[in-house]
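Remarks on the structure that follows.
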2 protein chains.
Amino acid sequence: MTLHRQSLILTEACPIRDVLDRLGDRWTVLVLHELAAGTLRFSELRKRIADISPRMLAQTLRHLEQDGLVKRDVFPTVPPRVDYTLTALGTSFFERVEMLARWAAENHEAVKAARRAYVAPAANAPK
Amino acid sequence: MTLHRQSLILTEACPIRDVLDRLGDRWTVLVLHELAAGTLRFSELRKRIADISPRMLAQTLRHLEQDGLVKRDVFPTVPPRVDYTLTALGTSFFERVEMLARWAAENHEAVKAARRAYVAPAANAPK
DNA sequence: CTGCATCCATAGGGATACTG
DNA sequence: CAGTATCCCTATGGATGCAG
């Protein structure tokens, strides 16, 4: 979701985009969801999300870590072990995301019904 | 954001994805934001969002209409006129999105600070 | 185990031109 | 005015292989 030109609240400086962009990718919400239950290591996350590739999991975690939503703990053991935990910031963020998720759950039927009822506009003027 | 395999809450039947996917694209939130202030016609939306192409605006509006978040009113006049208005469903949805936006505004500094402070993990074991 | 590097397929979305 | 049709380019992300 790269931005080329400018627009009112669409600027890179715009907090809304800055945050919501992360919700756009396929995995961020899933990872937050799993971590919300408690600390997990890399491999545990892989097992729980199942169809995420290591590449995508690592990338998603890097982003979350960069934004200060997730803390990364490396144990210099053999074999290596890395724990991921939501920070306070991450928790508070996920709370809001959950509110949206709750809305989705509550209104999913209405949305699906609207989709079923939908008929494509006849180009112009329905006569 | 197409889904190929399956996953816990990642199924197509999953309300969370079903809703959040729409937040992923570049324009949905912007359009909702503009319509939250009141009914607008196609050209008015174009003017307000400025750098959206007619193609993308039409597509975004179709999606919102399909999901029952936006109502489309066609006036068979010459020249044609089409009004877009948030439905009750759309309004209630946008309220939740706004909560996220508010979080983003409040915590943007913290996020930016985290990004500045971030240093890439040294491959493994920080020693 | 953790994860980076590489290669590649695909879909989202920009620019433009054209119609009812 | 309100879109649609077309072309094309780029970023996202899947698969794989390698490394600390």
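The chains referred to below are lettered A, B, ... by the order of the sequence lines, with proteins before strands, and numbering in each begins at 1. All values reported here derive from a predicted model rather than from experimental measurement.
Distance from the side chain of A:Arg72 is smallest for C:dT2 among the nucleotides C:dT2, D:dG14, D:dG3. Looking at the side chain of A:Ser43, the nearest of the listed nucleotides D:dG3, D:dA2, C:dT2 is C:dT2. Relative to the side chain of B:Trp27, the nucleotides C:dG13, C:dT2, D:dA2 differ in distance, and C:dG13 lies closest.
Residues B:Glu44 and B:Lys47 are not paired through a salt bridge, judged by the lack of any N-O separation under 4.0 Å between the basic side chain and the carboxylate. Looking at B:Asp83 and B:Arg72, no side-chain N of the basic residue comes within less than 4.0 Å of a carboxylate O on the acidic one, giving no salt bridge. Note on A:Glu65 versus A:Arg62: salt bridge recorded, some NZ/NE/NH1/NH2 to OD/OE distance being below 4.0 Å.
Distance A:Phe42 CZ to C:dC4 C1': 10 Å, rounded to the nearest Å. Nucleotide D:dT4 holds its C1' atom 12 Å from the CE atom of B:Met56, rounded to whole Å. Taking atom CG of residue B:Asp25 and atom P of nucleotide D:dT12, one finds them 14 Å apart after rounding to whole Å. Straight-line distance from the CD atom of B:Gln59 to the P atom of C:dA15: 15 Å, rounded to whole Å. Straight-line distance from the CG atom of B:Asp21 to the P atom of D:dT12: 15 Å, rounded to whole Å. Rounding to whole angstrom units, CD1 of residue A:Ile52 and C1' of D:dT12 are separated by 13 Å. Atoms CD (B:Glu65) and C1' (D:dA2) sit 13 Å apart, rounded to a whole Å. A:Arg41 has its CZ atom 13 Å from the C1' atom of C:dG3, to the nearest Å.
Contacts of B:Arg55 with the nucleic acid, taken as non-hydrogen atoms under 4.0 Å apart, include base atoms. Counting non-hydrogen atoms under 4.0 angstrom, A:Arg46 reaches nothing in the nucleic acid.
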Exercise for the section: With side-chain contact (heavy atoms from CB on, under 4.5 Å) as the test, would you mind laying out the steps for A:Arg17 and B:Leu30 before giving the verdict? Expected result: CA-CA 10 Å; A:Arg17 288 226 75 78; B:Leu30 273 299; 3.2 Å; yes
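The side chain of B:Tyr84 contributes no N or O atom lying less than 4.0 Å from OP1 or OP2 of D:dC1. At D:dC1, none of the side-chain N or O atoms of B:Thr77 fall inside 4.0 Å of OP1 or OP2 (strictly under the cut-off).
A:Leu69 pairs with exactly one of A:Leu61, A:Val31, A:Leu64, A:Thr91 by the side chain to side chain contact (heavy atoms under 4.5 Å, CB included) rule, that one being A:Leu64.
Both A:Arg62 and A:Pro79 lie close to DNA chain C; mapped to their nearest nucleotides by heavy-atom distance, the more 5′-ward contact belongs to A:Pro79.
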